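Note that the structure is predicted; figures quoted are calculated from it, not measured. Within every chain, numbering begins at 1; the chains are lettered A, B, ... in the order of the sequence lines, protein sequences first and strands thereafter.
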Amino acid sequence: MPTSTTTRFSYREAVRDAMSQAMRRDADVFIMGQDIAEHGGSQKVTLGMLEEFGPGRVRNSPISEMALTGAGIGAAMLGMRPIVEIMYEDFLTLAMEQLVNHAAKERYMSGGQLKVPLTVRTQGGAGWSSGAQHGQQTEGWFVGVPGLKVVYPSTPRDARGLLWSSIYDDNCVVFFEHVQLYNQREELPEEIEPIPLGKARIVRIGTDVTVVAIGPLVHEALAAAEQAEQEGISVEVIDPRTLQPLDEEAILESVRKTSRCVVAHEAVRRMGIGAEMAAVIQEKAFDWLDAPIERVGARFTPLPFAPGLEQASVPRREQVYAAIKRTVGSR
Amino acid sequence: MPTSTTTRFSYREAVRDAMSQAMRRDADVFIMGQDIAEHGGSQKVTLGMLEEFGPGRVRNSPISEMALTGAGIGAAMLGMRPIVEIMYEDFLTLAMEQLVNHAAKERYMSGGQLKVPLTVRTQGGAGWSSGAQHGQQTEGWFVGVPGLKVVYPSTPRDARGLLWSSIYDDNCVVFFEHVQLYNQREELPEEIEPIPLGKARIVRIGTDVTVVAIGPLVHEALAAAEQAEQEGISVEVIDPRTLQPLDEEAILESVRKTSRCVVAHEAVRRMGIGAEMAAVIQEKAFDWLDAPIERVGARFTPLPFAPGLEQASVPRREQVYAAIKRTVGSR
Amino acid sequence: MTELDYIVPSQTAEPGRFLQQMLVIRKFEQQVEERYRDGEIPGFVHLAIGQEAVAVGACAALSPRDVITSTHRSHAHALAKGSSARAVMAELYGKLEGCSRGRGGSMHLYDVERGNLGSSAVVGGALGIATGAALAFSMRSEPRVALAFFGDGATASGLFHESMNMAQLWRLPAVFLCENNRWAESTPLAQHSPISDLTQRAQAFGMTSLEVDGQDVEAVYRATAEALAHARSGAGPVFLLAETYRLAPHNVGDQQEYRDKAEYELTRATEDPIEKLRERLALPDERFAELEREAELVVADAVEFARRGTDPDPATLLEDVYAD
Amino acid sequence: MTELDYIVPSQTAEPGRFLQQMLVIRKFEQQVEERYRDGEIPGFVHLAIGQEAVAVGACAALSPRDVITSTHRSHAHALAKGSSARAVMAELYGKLEGCSRGRGGSMHLYDVERGNLGSSAVVGGALGIATGAALAFSMRSEPRVALAFFGDGATASGLFHESMNMAQLWRLPAVFLCENNRWAESTPLAQHSPISDLTQRAQAFGMTSLEVDGQDVEAVYRATAEALAHARSGAGPVFLLAETYRLAPHNVGDQQEYRDKAEYELTRATEDPIEKLRERLALPDERFAELEREAELVVADAVEFARRGTDPDPATLLEDVYAD
Ligand SMILES: Cc1ncc(C[n+]2csc(CCOP(=O)(O)OP(=O)(O)O)c2C)c(N)n1
Ligand SMILES: Cc1ncc(C[n+]2csc(CCOP(=O)(O)OP(=O)(O)O)c2C)c(N)n1
Ligand SMILES: [Mg+2]
Ligand SMILES: [Mg+2]
């Protein structure tokens, strides 16, 4: 049997690979965004793509997030599969109208005549003092918008497989990348394994507590789980990967086993996706719960610049660990 | 003792009265928005204000929601107390960048040098086949944005007293009105009684179930409570009125008494403010809960046009009643 | 059904047919007003009375594979682009037989097969979409054009500017057709725009602009044909300004307390595009009355069709939220 | 502390002081680059090397009660508007003594007392705010002007257009000062704008525009003074276009792989605003070297100040999220 060759992909390269392979296969796939051409994008995700695909399919755009998103929607309605890169997710605020009122609704309002197979990729996150307008996490807003799908991968494999599925999904997908994950590496086969949207991944098996974490918090949760393990606490870690549709069954199954749950994300706690998860879990696994669902998320403040303040504002392994201890402590 | 004269105010008139009284008292208060001058606004809330205050303080604006909001922020930074009317809350999507990245953060980013005493009034809601872009409920997005306050009154008295407090609050307040409430009437004294932001109102006292409802759902909840009363179920109804800051204590106190809770709003259930409420309640009143917190909200779809579909998509008293029955049923 | 049930964009200047088509639209709008007042039509409706020549003239110049995007004031555009009066009326009634299966309503008319990509009820909201459609045509080297209808009020919106800039920058085959009816709801042009000649908007992007009398359907046809030829040739987009009039309130129910009554009456008396064409064609009264009756029949049939239509089943509520 | 620690906007053309001030900014930026590379400054930083004449000339013309808004490339604006080098440097270090108490950082410099309303790291994001400040001045009949700095790239953003339209419509005392440094990050002007003469942007609103050589600080001073006088007189806003050059990468760390090396070197050699002024003043080398040393001392002092600064206490994290 031939062994499939594998390569070490960074998260950044994995994202690029999904786009490049789709663009090789399919003339309808293209990408637009600011500084994505020669410059390779502000995070260098698209580096080299201009050379391979040319300026017609790797389109450098003016600073016009609204029109960029609108043009993506229009091209998608005509059957293209555009990828729009919004440089920082903070700037999704500029595209909000187009995403919420158009991308999400064109199919419904047209009674099913239209599809909007648009992928909006964006990135952000704390940890490098980028300030209050270049680091907030905004995925929660889109989860509550019927018609949109929301994806947030935490590993190179998931990033590649989910981006592939997003590009080929016939709906608008808002795809979140985290700046602190771009250099994460993983051995992957050359051929892409598509990962279906809406399927969670059990990252670590455990029996005492379920931690549902997304993005960088998946890795923080793993570290916290290792630490808890030392004290004999067995932690299961689940990464939903897709936030809409949300794999409620996978989460509920785990919580029904462990009876304790922590939800964790980098976004502000209040109105973060963790609120929705907690609401769903307490509703559908009430009788299994031995303790309140603990929520881990950023403190209620704009992202401060000073490194010490920034650190104090966003959650990392310590906060997840503390939450695990709290929920187990109330045994 | 002199009896204070009272007048019958509609919710619409109550909103207008708060603005007019503030504008009479204070030259720094003014209003900007589309068609608010001769036309009195799309919902006639500002009718007559042009005549009293003139076009300089009742400023008809171009269709430029971004600049309108930005100008409100700038004027507020200079010490004015602007009121910006966004005709439909669906169009808050256009102002999202200015609200989230600027109004909410200028104070923090400036290390406390600035204040943004801006009030952004808006309205919307289902029930009259206004279609997918003129009826969605968007209050949830703003609750998770540190630096913003969010208000959603359900009665003329609350509308007037809370709008007054919003205008005089030194932070940016997003103030939600519901189109179906404009003709609600209530006897009010001439002098405004300011209502502090962040204080819930116990609308109805009961012992078996707490219903936390906002906006039009307060009235639906009351109707459902009457119906439940017939069957011997005693329902307490709480209207938080302010969603940020949220009066958690008032809600928790009630739930600790009743041990059962329903949260209800017209917005889509997923990621609605009810998710946050459920998450808080299960966290802080876990040991008191006898049943899962029930969430009532719109179905997961853009607002459909056809009346029958629209009715089927948004929650009314029947859904609140059913949720009350469910939670009591799981006794 | 008669041949008038569908307006077939003619791609040639046929004033006689233009008149018929404008009459269908006029009668349609008048009937909508009545049906709305009678409570048969839910939601709210914006009529294009006075602007029929723009819709008919522009759509006649489009080839069947060209696409349009429209606005809250969308009935005329939908009809002129070839949707049947029945399907549009049924949509206004919220029926399954409507052109958006009852999901859209008056402000969300779609007919993708006939090149109507739909109308945005957010002012200016479809201009990026039209730009994107044009981008698709350009990338695929298809000889198609995307034409966006929008009002004078929309030219104050950021997306208008961003879309114009992008379309010109990328030389996309788009036509930005601005219907300057001098009002944005209750706001006269002078209260939302510091300039009165809206072609100046195009100068910010170095975009070719054309101006046309929007009450003269033949002129609109010719100007649109010229704009389309320019766009189709690869020379880039065109800003096409049609000077027109809103000979009706902003929406049915609007009292127009902000508008001078005398101006309104005078404008209605002197700027009716249908009366202008009738005069130019020197049509005998009898013949005109006949055309009116024909149009009324089409519309009456559409109303009957809509009334008999099916209410969407609430069980299908969640259909088409997502494509699968 | 020397008098250079604060740039006091002079309100008169004093080329000698302009030179000193530009040198402080230049040395400041060069020092920031080094400190950033050494890992002392967190986040990311955009230097205004090459654009000092715009900041200094424009701010010199402002009266103390006038206000500015700034951008991600904000150090020069902050310094020229009178913030101390110490306070700005301390902010870049994230210190409590910084002009934003360490909450803001390089892209969020504020000094409200001196009329700096802050910088938006969202491109174009402060243009509505400047419009609103001008509105406040207008409503209160205060003889003050709001001046917004922004780049060529920002002219593609919707908010730019909406703000220009509103300011002109309401004849607000605002100056929209566009620093055309020909690049938006890696994107050359021709890739984000279909026009090369950006004053055309103002034609869409019928706004008065002025153009000035942004490398000539005295010319910038005069043009800004003219724009301010126009705005202050009640005649409405002005679009002031300063043609300038980015004589540095977009931000520290940017490799400029997109930029022609020869063009870059030639531009640096020929378009340095400081060299130009030095030449015009025919300054002896010795005197210039002395001014350089003075400026270096100011900046060295600022660095020392910043290094000795206080790290904000995490216990104060939630302070100033709300005003109470
Ligand atoms: C973004 C946005 N703001 C406000 C409205 C409310 N509104 C609907 S139509 C209209 C006026 C539009 O004027 P114009 O673009 O000239 O079109 P017309 O109504 O004259 O056809 C307004 C303000 C809206 N639909 N969308
Ligand atoms: C809305 C928005 N989009 C993208 C960015 C990323 N970005 C930061 S600076 C910049 C270029 C700005 O160009 P210009 O306005 O000319 O200012 P300059 O950098 O030349 O001073 C870009 C694209 C941003 N900060 N904000
Ligand atoms: Mg109009
Ligand atoms: Mg630039």
Could you tell me which non-hydrogen atom of C/D313 sits nearest to which non-hydrogen atom of B/L309, and how far apart they are?
O-CD2, 3.7 Å
C/E185 side, atom CD; B/M87 side, atom CE - distance, nearest 0.5 Å
4.0 Å
Using a strict 4.0 Å threshold on nitrogen-to-oxygen distance, state whether B/E310 and C/R103 make a salt bridge.
no
Give, as side chain, backbone, both or neither, the part of C/L189 having an atom under 4.5 angstrom from any heavy atom of chain B.
neither
Given a strict heavy-atom distance threshold of 4.5 Å, which part of C/S120 is in contact with chain B: side chain, backbone, both, or neither?
both
Any donor-acceptor pair under 3.5 Å from B/D35 side chain to C/S186 backbone
yes
Among the options C/Q191, C/R101, C/H108, pick out the one with the most heavy-atom pairs lying under 4.5 Å from chain B.
C/H108
Contacting moiety of B/F300, where chain C heavy atoms sit under 4.5 Å
both
With chain C, the option among B/Q311, B/E38, B/H39 that has the most non-hydrogen atom pairs under 4.5 Å is B/H39
Quick one: which of C/T316, C/L159, C/L318 has the most heavy-atom pairs under 4.5 Å with chain B, could you say?
C/L318
For B/E52, is the CD atom crowded, meaning more than 12 foreign heavy atoms sit under 6.0 Å from it?
yes
Please determine whether the number of non-hydrogen atoms from other residues, nucleotides or ligands lying under 6.0 Å from atom CZ of C/R259 exceeds 12.
yes
If you take all heavy atoms of B/Q133 and C/A121, which pair is closest and at what distance?
OE1-N, 2.8 Å
Just verifying a value: how many Å separate C/Q255 CD and B/K44 NZ, rounded to the nearest 0.5 Å?
7.5 Å
Contact summary for B/P304 and C/L317, nearest pair of heavy atoms
CG-CD1, 3.7 Å
If one checks every heavy atom of C/F160 against chain B at 4.5 Å, the contacting part turns out to be neither
Taking all heavy atoms of C/P42 and all of B/P307, pick out the closest pair and write down the distance.
CG-CG, 3.8 Å
Interface moiety of C/D254 toward chain B, non-hydrogen atoms closer than 4.5 Å
side chain
CG of C/D324: more than 12 outside heavy atoms within 6.0 angstrom?
no
Roughly how far apart are B/F305 CZ and C/S106 OG, rounded to 0.5 Å?
7.0 Å
What's the separation between atom CG in B/L50 and atom OH in C/Y258, rounded to the nearest 0.5 Å?
14.5 Å
Judged by atom type as modelled, is there a donor-acceptor pair below 3.5 Å linking the side chain of C/S157 to the main-chain atoms of B/I63?
no
Heavy-atom pair with the smallest gap, counting every atom of C/P314 and B/A312:
CB-CB, 3.8 Å
Does the side chain of B/S130 come within less than 4.5 Å of C/F44's, by heavy atoms?
yes
Euclidean distance, C/L92 CG relative to B/S129 OG, rounded to 0.5 Å:
11.0 Å
Looking at C/H250, C/E257, C/E91, C/K95, which has the largest count of heavy-atom pairs under 4.5 Å with chain B?
C/E257
